[in-house]
Amino acid sequence: MRFSNVEVQHLLRAWIVISLSFAIMKGGGFSLTPVFFVIAGISAVTVGIGFLLHELMHKYFAQKYGCRAEFRAFDLMLIIAFLMALFKSPIFFAAPGAVFIQGNVNAARNGRISAAGPMTNVVLAALFLGAKVLLVPIFPSAPLLYFFADFGASVNAWLAVFNMLPLMGLDGSKVLFWNFKAYVALLVLSLAMMVLTFAV
């Protein structure tokens, strides 16, 4: 994959802000304590993996189709997400940015490119959930391992479900426009993974 310097800056900015927002939300607020910094580090890895791979899969498939694709952060949305977490809003959503595509993209290609992001989050949620089920019982005295696996599973499941909402600008609307059956299948898969993360 090809990246510009500007794109790397936008990816890093979005990654930092969205990771910090999830850490504040998961940690019950912002604080300059060792515990919060541990939570922030775990968030940077789990959210970072989910967010970066989600966007990079969009980029990968777009470039595979011969298109120019670059990520750009939505600074206003990043600020809103951070403030919602900071002030403990009962409603939280994150739209850190998007991969902008130029080239020959029809509805089918756009649908596949869009589906790649949420599908990546479903796979990651399953991997984190697998770690939670298989590894945590082996190391019961390692609470950080449980928190890491649980956080990774729940965040990635949430990212999949959120992005599959059929709202303009989100992946779900593009997948739905392309193929109704594919949309329903991916939405059900995302919701099932979210239910599993809370049930297990």
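Along the sequence shown, residues are numbered consecutively beginning with 1.
- Side chain of Asn156 to main chain of Gly152: a donor-acceptor pair is present (N/O by atom type, distance under 3.5 Å, no hydrogens or angles).
- Ile80 and Phe82 sit in two unconnected hydrophobic clusters of ILVMFWY residues. Membership requires side-chain heavy atoms under 4.5 Å apart, directly or through other members.
- Under the 4.5 Å side-chain criterion, counting only non-hydrogen atoms from C-beta, Leu191 is not in contact with Val195.
- By the 4.5 Å heavy-atom criterion applied to side chains, Glu70 and Ser4 are counted as neighbours.
- The shortest distance between side-chain heavy atoms of Leu167 and Leu170 falls below 4.5 Å.
- Between the side chain of Thr46 and the backbone N or O of Phe151 there is no donor-acceptor pair closer than 3.5 Å.
- Remark: side-chain polar atoms of Ser21 are not paired, donor with acceptor, to backbone N or O of Ala85 under 3.5 angstrom.
- Looking only at side-chain heavy atoms (C-beta outward), Phe147 and Ile39 come within less than 4.5 Å of each other.
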* To do: Any chance you could lay out the side chain to side chain contact (heavy atoms under 4.5 Å, CB included) test for Trp158 and Asn163, step after step, and finish with the verdict?
  => CA-CA 8 Å; Trp158 181 87; Asn163 279 281; over 6 Å; no
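- The ring-ring contact (aromatic ring centres under 6.0 Å, His included) test applied to Phe74 returns no partner, not counting sequence neighbours.
- Using a 4.5 Å heavy-atom cutoff, the side chains of Met25 and Ser43 are not in contact.
- For Arg2 against Cys67, the heavy-atom pair with the smallest separation is NH2-O, 4.4 Å.
- Few gaps surround OH on Tyr65; more than 12 heavy atoms of other groups in view lie less than 6.0 Å from it.
- Between Tyr183 and Leu187 the shortest side-chain heavy-atom distance falls below 4.5 Å.
- When the salt bridge (Lys or Arg N to Asp or Glu O under 4.0 Å) test is applied to Lys174, no partner is found at least two apart in sequence or on another chain.
- With a 6.0 Å radius and a threshold of 12 heavy atoms from other residues, nucleotides or ligands, Arg72 has its CZ atom above the threshold.
- In the hydrophobic clustering of ILVMFWY residues, with side-chain heavy atoms under 4.5 Å counting as a link, Phe180 and Leu186 come out together.
- Phe177 and Ile101 fall into different hydrophobic clusters, where Ile, Leu, Val, Met, Phe, Trp and Tyr are joined by side-chain heavy atoms under 4.5 Å apart, directly or via other members.
- Residues Ile24 and Phe36 are in side-chain contact: their nearest non-hydrogen atoms beyond the backbone lie under 4.5 Å apart.
- Atom CE of Met1 has more than 12 neighbouring heavy atoms from other residues, nucleotides or ligands inside a 6.0 Å radius.
- A search for ring-ring contact (aromatic ring centres under 6.0 Å, His included) contacts involving Phe51 returns Phe71, not counting sequence neighbours.
- A donor-acceptor pair under 3.5 Å is formed between the side chain of Lys132 and the backbone N or O of Val200.
- Residue Val17 is not grouped with residue Phe162 when hydrophobic side chains (ILVMFWY) are merged at heavy-atom distances under 4.5 angstrom, including chains of intermediate members.
- A search for side chain to side chain donor-acceptor pair (under 3.5 Å) contacts involving Asp171 returns His54, His58, not counting sequence neighbours.
- Put simply, the side chain of Ile79 reaches to within 4.5 Å of the side chain of Leu83, judged on heavy atoms.
- Remark: Asp75 pairs with Arg13 by the side chain to side chain donor-acceptor pair (under 3.5 Å) rule, at least two apart or across chains.
- Of all heavy-atom pairs between Ala73 and Leu78, the closest is CB-CD1, 4.1 Å.
- Ionic pairing of Lys59 and Glu7 is present here: one or more N-O contacts between side-chain nitrogen and carboxylate oxygen are shorter than 4.0 angstrom.
- Listed by first and then second residue, the side-chain hydrogen bond (donor to acceptor under 3.5 Å, both in side chains) pairs that reach into residues 97-113 come to none, sequence neighbours excluded.
- Heavy atoms of other residues, nucleotides or ligands lying less than 6.0 angstrom from CH2 of Trp178 number more than 12.
- Cluster annotation: Leu20 is not connected to Ile18 through the hydrophobic network of ILVMFWY side chains, with a link wherever side-chain heavy atoms come within less than 4.5 Å.
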